[in-house]
Amino acid sequence: MNEVADALLARVRAARAGLAAAVSAGDAYEVAVAEDELDDAVRLARRHGLDVEATGVDEG
């Protein structure tokens, strides 16, 4: 896997972790921001041909 793919998948993982933290905190604004970040990260990963489900980086 190349550096770009690694970075994109790391972004998806970080976005999922951020979303989980926002949900745990019960912060509706942070949940909305985190959902947007996750959507963007998954969209970019898929645009680069990465299958986030097959790599264990499912969008949740």
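- Residues passing the side-chain contact (heavy atoms from CB on, under 4.5 Å) test with D40, sequence neighbours excluded: R11, R43, L44.
- A45 approaches V52 most closely through the heavy-atom pair CB-CG1, 3.8 Å.
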Name the atoms and distances for all side-chain donor-acceptor pairs under 3.5 Å in residues 20-29, with sequence neighbours left out.
residue	atom	partner	partner atom	Å
S24	OG	A20	O	3.2
D27	OD1	Y29	N	3.1
D27	OD1	E30	N	3.1

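- Closest non-hydrogen pair, V12 versus L38, comes out as O-CD1, 4.0 Å.
- For the atom pair L50 CG and L9 CG, the distance stands at 5.0 Å (nearest 0.5 Å).
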